[in-house]
Amino acid sequence: MSDTSDAPDTPDTPTPDTSDTSDLAARAARLDAADELAFVRDRFVLDDDVVYLDGNSLGALPRAVPGRLAEVVEHEWGRLGIRSWEESGWWTAPERIGDRIAPLVGAGPGQVVVGDSTSVNVFKALVGAVRIAHADGPGRDEILVDAGTFPTDGYIAGSAARLTGCRVRAVPADRIAAEAGPRTAVALVNHVDFRTGRLYDLPGITAAVRAAGALAVWDLCHSAGALPVELAAHGVDFAVGCTYKFLNGGPGAPAYLYVRPGLQRWFDSPLPGWNSHAEPFAMAADYAPAEGAPRGRVGTPDILSMLALEAALGVWDGVRIEAVRAKSLALTDFFLECVARYVPAGLVESLTPDAHAERGSQVSLRCAEAEKAMPELIRRGVVGDVRRPDVLRFGFTPLYTSFAEVRRAARVIGEVLS
Ligand SMILES: *Cc1c(COP(=O)(O)O)cnc(C)c1O
């Protein structure tokens with residue numbers, strides 16, 4: 001990694017005071033030398049002059065993707081044409097790639113299907129879950145939504161509620177366990193808050209929601225690929241997530257839907273397109289749902305994006321998600337420490353929890369000058385993003401972010417804000 005803009009550090013001298021940051025480069029070097037995931041960075045196309053801390057919005061490009069996409073376009077589409085639906089495995093790609101994502105979210109084969117956007121999958125999951133809740137009889141007329149939710153989830157929940165005779169009640173995510181009650185049909189929760197990076201207690205909230213007789217729907221957009229998610233172990237009913245953040249699938253890559261095995265046969269999709277039919281090529285007038293994961297399909301899959309995602313998932317070969325989590329926490333700890341050392345006191349305030357159990361893989365810094373500072377950070381090679389009005393957001397992708405980069409980013413933030 002090129003990080004040559006500093007004067008040489010003196011590694012092993014103890015730091016006399018906190019304004020002396022000379023030990024940080026040596027610390028970063030030691031952490032990088034001990035990093036068991038360091039080899040994965042080469043699987044990505046990255047510019048060593050840029051510290052890319054926006055993988056929580058759009059993951060970096062995996063090296064295998066351009067070649068694979070060219071092959072799909074030139075050979076599978078260009079030469080084989082229509083035959084590729086069978087011969088190149090296009091038709092079964094949504095389930096095959098779902099099975100590739102499953103181990104990253106603690107699901108088994110046949111439980112995850114890839115397709116459509118997260119927004120569309122939130123709709124399928126919510127309406128499907130309310131229909132299951134209503135099959136037990138009336139009385140459950142409330143969809144609980146995490147009050148800090150990513151906006152699309154809240155908007156879709158509102159529409160799902162109007163369609164199913166429910167109303168939406170927004171409560172803070174850490175209150176959902178306490179608020180779920182006899183009127184709750186479904187609770188929709190974001191695993192990690194996109195603004196603050198706070199990680200919520202998936203096992204505890206799921207258990208409480210289910211104990212109240214309701215169903216738990218989780219949005220994993222900011223957790224899958226950054227930390228272990230144990231959907232099956234904790235009895236999550238439905239889960240959705242996108243693949244263009246920590247899964248690096250590319251802009252607009254298709255999302256995924258998980259349905260708990262015990263619920264699959266009760267899942268009545270509100271978007272029963274022909275791809276989810278038990279016999280799609282019978283072209284029957286009447287609808288009969290497929291069994292298992294394909295029931296979550298809708299229409300013809302977006303093959304180019306889907307196969308780009310499949311190639312992108314190759315970066316996970318030989319990577320343990322536990323190692324990813326350990327490095328993610330080490331990166332965010334080190335970043336917070338470097339920010340405290342390089343940024344003059346009072347200019348930023350971390351919104352991200354100190355406790356590891358409550359931290360995702362991003363750090364959000366409240367900063368009065370956020371909107372002015374980010375373009376300057378980007379100009380100086382530190383790419384994050386802003387959540388208005390005053391949050392600087394930095395995502396840490398353990399597969400390719402180094403500790404040296406973390407230190408450099410904090411130093412540049414200090415320079416820009418001073
Ligand atoms: C990124 C994100 C989405 C995105 O939804 P799309 O339909 O893919 O645009 C939804 N929910 C959460 C929590 C997100 O972080």
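In this text, all values refer to a predicted model and were calculated from it rather than measured experimentally. Along the sequence shown, the residues carry numbers beginning at 1. Each ligand, and each atom within it, is numbered from 1 in the order the structure gives.
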> Does an N or O anywhere in Thr152 fall below 3.5 Å from an N or O of ligand 1?
no
> Can you tell me if CG on Asp317 sees more than 12 non-hydrogen neighbours from other groups inside 6.0 Å?
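Correct, the count exceeds 12.
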> Suppose I only count heavy atoms of Asp219 and a 4.0 Å limit; which atoms of ligand 1 are within that range?
10 (C), 11 (N), 12 (C), 13 (C)
> Taking only heavy atoms of Ser117, which atoms of ligand 1 are found under 4.0 Å from at least one of them?
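Near Ser117, meaning under 4.0 Å from one of its heavy atoms, ligand 1 has 7 (O).
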> Using a plain distance cutoff, I'd like to know if Ser119 has any nitrogen or oxygen under 3.5 Å from a nitrogen or oxygen of ligand 1.
yes
> Between His222 and Phe246, how do the two ring planes meet: parallel, tilted or perpendicular, split at 30° and 60°?
perpendicular
> List every atom of ligand 1 that sits less than 4.0 Å from any heavy atom of His222, numbering the atoms from 1 in the order shown and giving each element.
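Taking each heavy atom of His222 in turn, ligand 1 has 15 (O) under 4.0 Å.
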> Could you tell me whether the side chains of Thr332 and Arg359 share a donor-acceptor contact shorter than 3.5 Å?
yes
> Atom 8 (O) of ligand 1: which protein heavy atom is closest, and how many Å away?
Tyr244 OH, 2.7 Å
> For atom 2 (C) of ligand 1, find the nearest protein heavy atom and state the residue, atom name and distance (0.1 Å precision).
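Answer for atom 2 (C) of ligand 1: Lys245 NZ, 2.5 Å.
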> Just to confirm my output: which protein heavy-atom neighbour is closest to atom 5 (O) of ligand 1, and how far is it?
Thr118 CB, 3.4 Å
> Does the separation of the ring centres of Phe281 and Trp85 fall below 6.0 angstrom?
no
> Would you give the length of the straight line joining atom CG of Asp141 to atom CZ of Arg169, rounded to the nearest 0.5 angstrom?
10.5 Å
> Between Val120 and ligand 1, find which residue part has any heavy-atom pair under 4.0 Å and reply side chain, backbone, both or neither.
neither
> Mind running salt bridge (charged side-chain N to carboxylate O under 4.0 Å, His left out) on Arg407 and Asp32 for me, showing each step along the way?
CA-CA 12 Å; Arg407 183 188 74 98; Asp32 282 324; over 6 Å; no
> Any side-chain donor-acceptor pair under 3.5 Å between Arg393 and Ser57?
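Yes.
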> Counting each atom of ligand 1 from 1 as listed, which ones have a heavy atom of Cys221 under 4.0 Å away?
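With Cys221 as reference, the close atoms of ligand 1 come out as 2 (C), 3 (C), 10 (C), 11 (N), 12 (C), 13 (C), 14 (C), 15 (O).
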> Please verify the inter-ring angle class for Tyr287 with His277; under 30° counts as parallel, over 60° as perpendicular, anything in between as tilted.
perpendicular
> Run the numbers for me: atoms of ligand 1, each under 4.0 Å from some heavy atom of Asn190, listed by number.
13 (C)
